[in-house]
Amino acid sequence: MIKRHPEPLLWMLFSAGGVVSALLMPILLVLFGLAFPLGWLQPPSYEHLLAVLRNPLTRLVLFGLCMPSLFHWAHRFRHTLYDGLQIKHLNEVIAVICYGGAIVGSAAAAYLLWHVP
Amino acid sequence: MGQRHAYTEYHPRWLRRPVSTYWWLQKRSYFAFILREASCIFVAWFVVYLLMLVRAVSEGEMSYRQFLSWSASPLILLVNLVSLLFIVLHAITFFEAAPRAMVVHVGGRRVPNGFVGAAHYLGLLAASVIVVWILLGA
Amino acid sequence: MTPSHDVVLVGGGGAGLRAAIAIAETNSKLSVAVVSKVYPMRSHTVSAEGGAAGVISPDDSLDEHAYDTISGGDWLCDQDAVEAFVKEAPQELLRLEHWGCPWSRETDGRIAVRPFGGMKKMRTWFAADKTGFHMLHTLFQTSLKYASVARYDEWFVTRLLVDEGRVQGVVAIDLKSGRIDAITARAVILCTGGCGRVFPFTTNAAIKNGDGMALAYRAGVPLKDMEFVQYHPTGLPFTGILITEAARSEGGYLVNKDGYRYLQDYALGKPQPQPVFRTMELGPRDRLSQAFMKELEKGRTIDTPYGPVVHLDLRHLGQKKISAKIPFVRELCLKYQNLDPVKDLIPVRPVVHYMMGGVHTDINGATLLPGLYAAGEVACVSINGANRLGSNSLPELLVFGTRAGRTAAEYASLGLEVTSRVLAQSDDERRRLEGELLNHKGRERIADLRDEMQKTMEESAGIYRSGASLARGVERLRGIQERSSDIAIEDQSKTFNTERTAALELSFMLDVAEAIVTSALHREESRGAHQRTDFPKRDDQRFLSHSLIYRNLDGPSRVEYLPVTMTRWPPAERVYGEAAPNEGQHHVAGSALPSGTGV
Amino acid sequence: MRDSITLQVARYRPEQESEATFDEHEVPCPKEWVVLDGLNHIKDRIDGTLSYRWSCRMGICGSCGMTVNGEPKLTCATFLSEYGRGPVRVEPLRNFPVIRDLIVDMGDFMRKLVRVKPWIVRQAEKPLSEGEYRQTPEELDDYKQFSMCITCMLCYAACPIYGLDPKFIGPAAIALAQRYNLDSRDEGASERMEVLSEHEGIWGCTFVGECTKVCPKHVDPAGAIQRYKLTAAVESMKSFFMPRGA
Ligand SMILES: Cc1cc2nc3c(=O)[nH]c(=O)nc-3n(C[C@H](O)[C@H](O)[C@H](O)COP(=O)(O)OP(=O)(O)OC[C@H]3O[C@@H](n4cnc5c(N)ncnc54)[C@H](O)[C@@H]3O)c2cc1C
Ligand code: SF4
Ligand code: F3S
Ligand code: FES
């Protein structure tokens, strides 16, 4: 029997986050981070964007992007702190901060996406 | 008996050389690794940025406009430019790693890693086209 | 505390590990120790490439394998041993399959076999071109699951402990700490491999110094058929790395310094552009090595800093064929000789490859000294006779490793106790090693003596020997032996003192060298790998028998003869070439030979 | 072509010193000489006290791994001429305790090796009389690559994670576990999973990927670990959602 260990679950979330962020973030970042602010492209109208956001499917996809991506960050960041700075003795604290952050962030994402008028 | 497999007597004078805290500066490939790992910070940043956009849109047209002009401020532009570089790095390294974890068999034959990698890039292309179409095309 | 076991195995190569498993499976109550001077998976079995012979095809038979082996060995094989060997080899190879050895397969999942030099049927099992590597790792990893097998990794055995006429253990140095201790045992099995390093050019690894042969020899056990040393015709000159026969069966040419395919001058047929069975480059190994020597005499070889060579020319085969059929040859040349066979000529020369002789044992691995057993290349059960057939050695390790293991287990179960006197012996040995070897400020460099010994061996007991060259060899070896008592050891450290082990290895090699040269001097005939210019004919009248050499502390060694055991195959002429299409000893299976075949 | 090159060789003599030092020697460098030949030259002609391991000189026994100009290498397969004018710096493999000079202790790996059960595990063994287990060339290909490991330890020397956390079971041991897990004859995957799904097992690896880069036998331990993570994660999800069925 396999011992119940959080690692496999965390790794799954990490990987899922890695994939969705790699698929969706580049284009979203190009559009909302550079193309629209710099005026290369006309940003979508408020009505259009709201309509898009109102679609439950969009919200589901966005949640599916945000939550795993946050866990992706949490998992990687935790390991980077361990390995890069050799502060493994702070193991528990770091884990709480990282995964705690991801949980809080996911909750915030759920709240915000739920409350799109 | 009883000394199975481990016959090494502990030698007190073995030389142990601890790894330096700055090991990742000592080799180019280690540094590239740390950069790759650092990309996760920008992934998290973009989630925050995206959620701020969602909130702005939820709060009405005014806030949306404010968000757009805030996003055009030099600092935020710079942050996003750097983020983009890291996220591209993240995407490339992730697509390179993914086929190593997944061995795909089709009809009993192993699909070469190159195909699996290419499939990811196709996915990226498709996702991008859909996003652009939803936001700008319709 | 002096460690103590029921059975101690000296050596963790193919033979040693197989024996360890055999003992563990026979009686898990017996404690077994594998003592090895390198980690077991580093043993030399790891570098065998080509394959392991065992009858498996329906169109093949045990008798044919036996006949190939016996004729290949020029009728010096003990035929009862050969019969046991061919019968058990397929089972042993199959057992290895069950333990996970990644044998190459047919498309339907059955074991694949390949043709091999000297074998008339396809019966050589292979794991790509890394057969020995896969066999050794399979054995090593499998051995890990037996709790009764203890390992002494990187312990160097220096002496056998003998009292009351039986072996009771060994003395060994733990290289890491420098601790010297007895490891007592009810039975000891020597599995220390061959002694190729006695010669200057060899395919053998640095650890093959004949340690086990010398240990037994010094304990009064005779060595058998030591005059039979196998040369392989194509080794890379500087490193001794082997270039497989497949390079020639794919159509490579051997040319001398004038670019002339010189083999045509030695009754090996007419040169054709394409390879032809049993002619020219596809002639038998020993004949090719002998032709090289004749070229050397005529001054038609090429001088290099690493001795005279001829060239193996593969260039006309083109990159495509080379990469497809013999990729490993190209890899080895690129990686270890810094040249590319697609564009460059490969310098090659005959290279010492395998020791047919060894510690005299019976068909169960027992030596003449109670409690002492031997298996593998260190032993001479007499299945290889005057010339080993390619791919017979790996199955030999398995078959006789198992047999020796079982027999030793039985003997150990008798429960004979270790006498107190052997501990005193071990104290003596410790004093010798620490006193003599750690504080030795002599004048002779180890490397110089070793070089001189190797040169002496090549010159006196090379491919061709004569009474005069051998007598000179005996003389020169005695001189080197004397000088070796004035050896310089700078290293005073106990921790991993490799200079001390080098000195011990040198002294082992000197004993083995002496045994080779003396045995060769006494055998006044030419048979298999033993070619005497002064006695060019085989002489069944006088020498259809094994030589047994005994060490004599205060005089020349004593050589005795033991008749060969015959069962069903009376001696016959060993003929090559077109004259005997079905009798040839070394027919290479031409381009049917799959890529990257080793020896 | 230059006819000699400088070797800077790390020394550590536990009886005399508590830190590593360097010796410098000029050695010949004909084009076919590898780093190991340079070392042998030093030992035979200049300084007999230099200690290092080697045996086969053909890249198969795995004993001659050292750090050459900062990179883990098989010294028998690394030409001196690759380093141009030199100097060439030869040190023991990183991440292992040094016993002496260029010799490191690999006892830690040997103990880990046993833990992953690198042998065929079966419920019931097939009697020899029934012949071989059938295994198609495709099934052989599934694990073949992972069976090529010569246990040279270069991957451990290259893996910073192992350096930081010696409890990490490490690349070659995991690759070897995979070698048996993927073998069609084996039934021991779940036993090995217990060892490997512990934190120090596979999850310690953050896919630095250096192990694969330095591996002289193209074993791709990084890939083996990635694959194994996926398998372990899927298995664990299964047992999570179907606690009884697993
Ligand atoms: C390049 C090459 C290719 C070959 N190819 C083939 C082939 O294709 N087919 C075939 O059948 N044969 C082949 N052979 C021959 C075959 O590989 C060897 O004969 C065989 O592997 C010897 O195995 P072994 O177990 O007797 O000894 P080894 O594998 O040499 O093991 C010797 C063991 O003894 C230990 N030892 C030695 N001295 C001491 C000591 N003083 N104290 C403690 N331990 C000690 C060593 O550490 C080692 O563990 C080949 C040989 C070579 C060189
Ligand atoms: S995986 Fe590669 S680098 Fe690591 S020990 Fe095995 S062969 Fe060496
Ligand atoms: S270098 Fe180390 S971290 Fe993993 S991918 Fe290789 S084991
Ligand atoms: S000496 Fe064997 S691998 Fe280098």
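The model shown is predicted, which means the values in this text are computed figures rather than measured ones. Numbered from 1 within each chain, the chains take letters A, B, ... in sequence-line order.
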Side chain / backbone / both / neither for D/Tyr133 at chain C, heavy atoms under 4.5 Å: both
Looking at D/Lys117 and D/Glu191, is there a salt bridge between them, counting it only when a charged N and a carboxylate O are closer than 4.0 Å? yes
Do D/Tyr162 and D/Phe96 pass the ring pair (Phe, Tyr, Trp, His ring centres under 6.0 Å) test, and can you show the C-alpha distance, the side-chain angles, and the key distance before you say yes or no? CA-CA 9 Å; D/Tyr162 178 67; D/Phe96 295 98; 5.7 Å; yes
Okay, C/Asn204 and chain D: the region with an atom under 4.5 Å from a heavy atom over there is neither
Salt-bridge present (D/Glu17, D/Arg13; N to O < 4.0 Å): yes
Option that, when pairs with chain C are counted at under 4.5 Å, heavy atom only, ranks first among D/Gly59, D/Cys56, D/Ser129, D/Pro137: D/Pro137
Can you tell me which portion of D/Tyr143 sits under 4.5 Å from chain C's heavy atoms? Options are side chain, backbone, both or neither. side chain
Report which part of C/Leu334 has an atom under 4.5 Å of a heavy atom belonging to chain D: side chain, backbone, both, or neither. backbone
Is C/Tyr336 in contact with chain D via its backbone, its side chain, both, or neither, using a 4.5 Å heavy-atom distance? both
When the ring planes of D/His41 and D/Trp33 are compared, do they come out parallel, tilted or perpendicular, using 30° and 60° as the limits? tilted
Short question: side chain of C/Thr131, backbone of C/Glu49 - any donor-acceptor pair under 3.5 Å? yes
Could you look at C/Arg500 and say if it's the side chain, the backbone, both or neither that has a heavy atom under 4.5 Å from chain D? neither
Is C/Glu97 paired with C/Arg105 through a side-chain N to carboxylate O contact shorter than 4.0 Å? yes
Pick from D/Arg185, D/Glu32, D/Arg179 with the largest number of heavy-atom pairs that fall under 4.5 Å of chain C: D/Arg185
Taking D/Ile120, D/Asn40, D/Leu128, D/Asp186 one by one, which has the highest count of heavy-atom pairs under 4.5 Å against chain C? D/Leu128
Just wondering, are more than 12 heavy atoms of other shown residues or ligands nearer than 6.0 Å to NZ in C/Lys87? no
If I measure from the heavy atoms of chain D, does C/Cys101 come under 4.5 Å with its side chain, its backbone, both, or neither? backbone
Region of C/Lys494 that comes under 4.5 Å of a non-hydrogen atom in chain D: both
Do C/Lys37 and C/Asp153 meet the salt-bridge criterion of a basic N to acidic O distance under 4.0 Å? no
Bottom line for D/Glu15: the part with an atom under 4.5 Å from chain C's heavy atoms is side chain
Of all heavy-atom pairs between D/Cys152 and D/Leu74, which one has the smallest distance, and what is that distance? CB-CD2, 3.9 Å
Hey, is C/Arg450 close enough to D/Asp44 for a salt bridge, meaning N to O under 4.0 Å? yes
Using non-hydrogen atoms and a 4.5 Å limit, figure out which bit of D/Cys76 sits close to chain C: side chain, backbone, both or neither. both
Exercise: do D/Asp220 and D/Thr212 side chains pair donor with acceptor under 3.5 Å: yes
Pair count under 4.5 Å, heavy atoms only, with chain C: among D/Arg53, D/Glu139, D/Arg122, highest is D/Arg53
Chain D heavy atoms under 4.5 Å from C/His44: which part of the residue, side chain, backbone, both or neither? neither
Top contributor to chain C contacts, counting heavy-atom pairs under 4.5 Å, from D/Asp183, D/Thr151, D/Leu176: D/Thr151
Taking NZ, NE, NH1 and NH2 as the nitrogens, is one of them in D/Arg100 or C/Asp491 under 4.0 Å from a carboxylate oxygen of the other? yes
Between C/Phe133 and chain D, which part of the residue has a heavy atom less than 4.5 Å away: side chain, backbone, both or neither? side chain
Per-residue contact mode, C/Gln492 against chain D (heavy atom under 4.5 angstrom): neither
If I measure from the heavy atoms of chain D, does C/Arg110 come under 4.5 Å with its side chain, its backbone, both, or neither? both
Quick one: which of C/Gly240, C/Ser493, C/Ser47 has the most heavy-atom pairs under 4.5 Å with chain D, could you say? C/Ser493
Comparing D/Val34, D/Ile150, D/Asp101 against chain C, the one with the most heavy-atom pairs below 4.5 Å turns out to be D/Ile150
Looking at C/Glu106, C/His134, C/Lys130, which has the largest count of heavy-atom pairs under 4.5 Å with chain D? C/His134
Between C/Arg445 and D/Asp47, does any side-chain N to carboxylate O distance fall below 4.0 Å? no
Examine whether an atom of C/Ile207 lies under 4.5 Å from a heavy atom of chain D, and if so say whether it belongs to the side chain, the backbone or both; otherwise answer neither. both
Max heavy-atom pairs within cutoff under 4.5 Å with chain D, candidates C/Ile56, C/Thr142, C/Leu339, C/Leu94, goes to C/Leu94
Before accepting this row, confirm whether a basic side-chain N of the pair C/Glu331/C/Lys335 lies closer than 4.0 Å to the acidic partner's carboxylate O. yes
